[in-house]
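Below is one structure, written out as structure tokens; the observations come after it.
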2 protein chains.
Amino acid sequence: MGEKSGLGFDMRMRNIRKNKKEFSGRPVTSQRKLLLSLIKKAGGHISAKELYGRASRKNESISLATVYRTLQLFKELGLVQERRLGQVYCHYEVKESTDHQHLVCRSCGKVTEFESLPIRKLVERVGRDHGFNISKIELYMEGNCQQCNREQDQF
Amino acid sequence: MGEKSGLGFDMRMRNIRKNKKEFSGRPVTSQRKLLLSLIKKAGGHISAKELYGRASRKNESISLATVYRTLQLFKELGLVQERRLGQVYCHYEVKESTDHQHLVCRSCGKVTEFESLPIRKLVERVGRDHGFNISKIELYMEGNCQQCNREQDQF
DNA sequence: TTAGATGCAAATCATTTGCAATGAA
DNA sequence: TTCATTGCAAATGATTTGCATCTAA
């Protein structure tokens, strides 16, 4: 319900084709479309719980289990990347062509992305030197961001 | 019970003084002594569950809650470091003067440590460039180790 | 003697799973 | 129609907590 779009026929067909491709033949359900669009809209990172919260506002009957199952699927399809930024729970982000790493603020939790080719090159070299066939590099720093530092200085 | 040591008086006093210092004045219980020695003996990394298993063999009544509470305390005292190596659960290791990072094998779970000053310098620089006051750097790579690669090739 | 530590069981929290009902193709 | 997906509730697995009891100092 609520799925009758105001788009023209051509546009609807284009969306269907696009979704079919993204989901590589798997059924295109309203939940999957909603979740994927919310992740994309989130820009940076989103946790399963937060995603569930936002999805619930659009489709009140969606379940947390579906969110997890869908994230699992998206991971398998290579649509999103799972990141465990030193926390118990995971963050998910759209898989970009540009790889990047993270800076996490201890105090406000803000996640800042960065990318450094020299670092990646060095890291890959270390992996090779140890005989590893590297499939994932995860680097993150924890600390206090500029703003939180400033705010602390006020006391 | 079972705490009557065969050591001489001087040695016992030395141990007590050493423990008191390590635990910064907190009560020195047999559980704490046992857990700390087991972590040290483990060398590299140990998970809470594994630590509990080993401790149980020495002191059958110790509880998992005590293991977790003690690890928490050791973290606060700076005796051990908690590492979340891309897994749901944590690994703990004695806090060494030498910082290092990790390579984790996807297939056998083996954890290899490495340290690279050039990488650290680059990473710290990135943090500073972003206005962060860095307190922790965590870098890990996932992949297949040499041995697991070889074994896969056999099939 | 007493504040802090322990063991136990129950509680949390993130994530997963079994199953009957539902929906996409 | 048919097989994959969904929602719900119950299960899991790691970690935490309340509480009565114990113990180091």
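All chains are named by letter (A, B, ...) in the order of the sequence lines, taking the proteins before the strands, and each is independently numbered beginning at 1.
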(message) Between the opening five pairs and the closing five pairs of the helix from C:dT1-D:dA25 to C:dA25-D:dT1, how far apart are the helix axes, to 10°?
(response) 30°
(request) Would you mind reading off the distance between B:Leu71 atom CG and D:dA14 atom C1', rounded to a whole angstrom? (result) 13 Å
(message) If the condition is salt bridge (Lys or Arg N to Asp or Glu O under 4.0 Å), which residues does B:Arg54 pass it with, not counting sequence neighbours?
(response) B:Glu50
(message) Without decimals, in angstroms, what is the distance between A:Gln72 CD and C:dT16 C1'?
(response) 9 Å
(message) Between the side chains of A:Glu115 and A:Arg120, is the shortest nitrogen-to-carboxylate-oxygen separation below 4.0 Å, so that they form an ion pair?
(response) yes
(request) Scan A:Lys40, A:Arg32, A:Lys95 and name whichever one has a salt bridge (Lys or Arg N to Asp or Glu O under 4.0 Å) with A:Glu22. (result) A:Lys40
(message) Could you see if B:Leu34 belongs to whatever hydrophobic cluster contains B:Leu51? Use Ile, Leu, Val, Met, Phe, Trp, Tyr and a side-chain cutoff under 4.5 Å.
(response) yes
(message) Treating primed atoms plus P, OP1 and OP2 as sugar-phosphate and everything else as base, which nucleotides of nucleotides 7-14 of chain C get B, S or - for protein heavy atoms under 4.0 Å?
(response) BB-----S
(request) Evaluate whether atom CD of A:Gln87 has more than 12 neighbouring non-hydrogen atoms of other residues, nucleotides or ligands under 6.0 angstrom away. (result) yes
(message) In this structure, how many angstroms lie between the P atom of D:dG7 and the CG atom of A:Leu64, rounded?
(response) 11 Å
(message) I need the CG-P distance between B:Leu73 and D:dT16, as an integer number of Å.
(response) 13 Å
Mind listing the N/O atom pairs, protein and nucleotides 21-24 of chain D, below 3.5 Å?
{"unit_1": "D:dA24", "atom_1": "O3'", "unit_2": "B:Val28", "atom_2": "N", "d": "3.4"}

For residues 122-137 of chain A, tabulate all N or O donor-acceptor pairs below 3.5 Å that involve a side-chain atom, not counting sequence neighbours.
{"unit_1": "A:Ser135", "atom_1": "OG", "unit_2": "B:Arg106", "atom_2": "NH1", "d": "2.8"}
{"unit_1": "A:Ser135", "atom_1": "OG", "unit_2": "B:Glu142", "atom_2": "O", "d": "3.2"}

(request) Would you please indicate if the ring centroids of B:Phe74 and B:Phe23 are separated by under 6.0 Å? (result) yes
(request) Would you kindly give the CG-to-C1' distance between A:Leu77 and D:dT5, to the nearest whole Å? (result) 14 Å
(request) Round to a whole Å and report the spacing from NZ of A:Lys75 to C1' of C:dT15. (result) 10 Å
(request) For A:Glu82, enumerate each residue passing the salt bridge (Lys or Arg N to Asp or Glu O under 4.0 Å) test, keeping only those at least two apart in sequence or located in another chain. (result) A:Lys75
(request) Would you mind reading off the distance between A:Phe23 atom CZ and D:dA4 atom C1', rounded to a whole angstrom? (result) 14 Å
(message) Please determine whether residues B:Leu77 and B:Val67 belong to a single hydrophobic cluster, defined as Ile, Leu, Val, Met, Phe, Trp and Tyr linked transitively by side-chain heavy-atom distances below 4.5 Å.
(response) yes
(message) With heavy-atom distances below 4.5 Å as the criterion, would you say the side chains of B:Ser47 and B:Cys90 are in contact?
(response) no
(request) Take the protein atom CZ of A:Phe74 and the nucleotide atom P of D:dT5, then report the distance between them rounded to whole Å. (result) 11 Å
(request) Check whether any side-chain nitrogen or oxygen of A:Arg32 sits under 4.0 Å from OP1 or OP2 of C:dA24, and answer yes or no. (result) no
(message) Less than 6.0 angstrom separating the ring centers of B:His91 and B:His102, yes or no?
(response) no
